[in-house]
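These notes concern the structure reproduced below.
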Number of protein chains: 2
Amino acid sequence: MSVSTLVTAERDTEAGTLHQRILNDIEGKIVSGEWPIGHRIPFEVDLAREYGCSRMTVNKVLTQLARAGLIERVKKSGSFVSQPHTQSAVLEISDIRKEVESLKLPYAFNVPRAGKRKAQGADRLLLDVPVGTAILDITCVHLAGGKPFCLEQRLINLASVEGADQADFTKVPPGQWLLSQVPWSSAEHRIHAAAADATTAEQLGIEQGTACLVIERRTWSAGAAVTQVRLTYPGDRHALVATFTPSS
Amino acid sequence: MSVSTLVTAERDTEAGTLHQRILNDIEGKIVSGEWPIGHRIPFEVDLAREYGCSRMTVNKVLTQLARAGLIERVKKSGSFVSQPHTQSAVLEISDIRKEVESLKLPYAFNVPRAGKRKAQGADRLLLDVPVGTAILDITCVHLAGGKPFCLEQRLINLASVEGADQADFTKVPPGQWLLSQVPWSSAEHRIHAAAADATTAEQLGIEQGTACLVIERRTWSAGAAVTQVRLTYPGDRHALVATFTPSS
DNA sequence: TCCTAAAAGATGTATAGACATAATGGGGTC
DNA sequence: GACCCCATTATGTCTATACATCTTTTAGGA
């Protein structure tokens, strides 16, 4: 059922390095509420004395905690336990083949539609490319155990992805191919619920109007739009799971 | 529409500190693909020479990049550009009042149901407390511009939250109160789509069967369950948005 | 009294050096 | 040739020190 799980923290309950021990210790005091929000934590030199180490070591720990958002540091004044920034969760979206295989179901996919065309005005909202840019428009149905699992509707910016027009997406699903090709990216996710329309319902083998979980992702690499994908899951059967622990 | 947006990176295109400059430089080479996945990046001593700084400075940058998942470090072998771990996104869920107010709509809420009771077997799946524990069971409807915006169904573990049984949740919504009370927490999110049942539909003023976005969150503090909440949004009207840029 | 300037106190950044740790590769031995 | 041991090498961690930077506080002068 779960798409994925991820825990950020490096949880060494039992101290490994001194760095780890100090980090866990301080984090523990914050998490437990022993040091409430707004509390000024001891100065670097005092912590250094307390743990019997140099200020540099403490400084690195505090820098890490500050980056993680647990504390805020003010020159001259000291370091303070910060208001939890709101909830932050790390959400990991693995590629769909892995997702299916982790459920111990045989994976397959088919491509009912794929074609090259010029970007139109409406595509601008999706892919962030100028009108007229050559794009690849692919629809892909992922199957788990022979039954439809997820509908993937994807646009790829041919200008920014080398060799995408030669790739054979009937052999490798586009998502997996892109993951292996495009080095790294920034991404924007949009997650919402929608009732399945007639086409979607047919392709997923569900009834029209069924509540579906829709994940739209836009990806950039070095400032240029790479791809836009819309993943539709039958909503009652699938969920995104994200586990989050402050720190790192 | 958007619940929230968060960008992790500290994007100083134009170098501030040496640390920042090296970090941006190396990250750039990875993001641009100049250093492809699996590429062994120069040794610390070589980078130190290249940037005219000490090994410690380079070491700190690489440590940070490793923590962010951009590179993997292997003793003796060197540091390598890592396979993007899959997509990771930082998802921030702010409290609902802020969410509504950021839409420039007047916020209000009402509490159709609230009561103290003992945890039953069925609650174990939700809140992770032993049967018989005293819990608070609250239903809360959040309104934006006078119209239902979100349905909140919440369980609070009275044993782990000081003063929750005295709090007046007709004045402050429970989510906001908890955020200000409980210092920090680990959380597990489950996001899925569901059709509105009769009760939900009535409370949200929508038709039965409407696709809704459901976010379930369980929160712990220092190992003890704090609260479980189920937020139901009419799906066509709301979406979660998460922006992600690699690096920390 | 009030404004300004200097001192003090905290973090920020960087260095050089030391030792620990782990993987690799190259012997040497059987 | 197979195996084990050890030197090599790159990263991991920590220290002691130095100077920069930014606030707050204090002291001084008009």
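Predicted model only: the values in this text are computed from it and were never measured.
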Answer whether the closest heavy-atom distance between the side chains of [X] and [Y] falls below 4.5 Å.
X      : Y      : value
A/I96  : A/F109 : no
A/R73  : A/T63  : yes
B/T133 : B/L158 : no
B/I22  : B/C53  : yes
A/Y233 : B/H192 : no
B/R67  : A/R67  : no
A/H39  : A/K29  : no
B/R218 : B/D128 : yes

Just the rounded figure in Å: distance from [atom2] of [N] to [atom1] of [X].
X     : N      : atom1 : atom2 : result
A/N59 : D/dT15 : CG    : C1'   : 13 Å
B/F43 : D/dT8  : CZ    : C1'   : 12 Å
A/K60 : D/dA16 : NZ    : C1'   : 13 Å
A/R73 : D/dC22 : CZ    : C1'   : 14 Å
A/F80 : D/dT23 : CZ    : P     : 13 Å

DNA chain D: 5'-proximal contact among B/P42 and A/H19 (nearest heavy atom)
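Comparing both residues, the 5'-ward one is B/P42.
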If you assign each of B/S77 and A/V74 to its closest nucleotide in DNA chain D, which residue comes earlier from the 5' end?
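Its nucleotide being nearer the 5' end, the pick is B/S77.
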5' to 3' on DNA chain C, which nucleotides open and close the contacts with chain B (atom under 4.0 Å from a heavy atom)?
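Listing 5' to 3', DNA chain C meets chain B from C/dT13 to C/dT24.
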DNA chain D contacts among residues 50-57 of chain B, heavy-atom distance under 4.0 Å
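Within residues 50-57 of chain B, the residues near DNA chain D are B/R55, B/M56.
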Backbone N or O of B/A225 within a donor-acceptor pair of the B/S160 side chain at under 3.5 Å?
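Yes.
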Where the side chain of A/L18 is defined as all heavy atoms beyond and including C-beta, which of D/dT11, D/dT8, D/dC14 is the nearest nucleotide?
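Taking heavy atoms from C-beta onward, the closest nucleotide is D/dC14.
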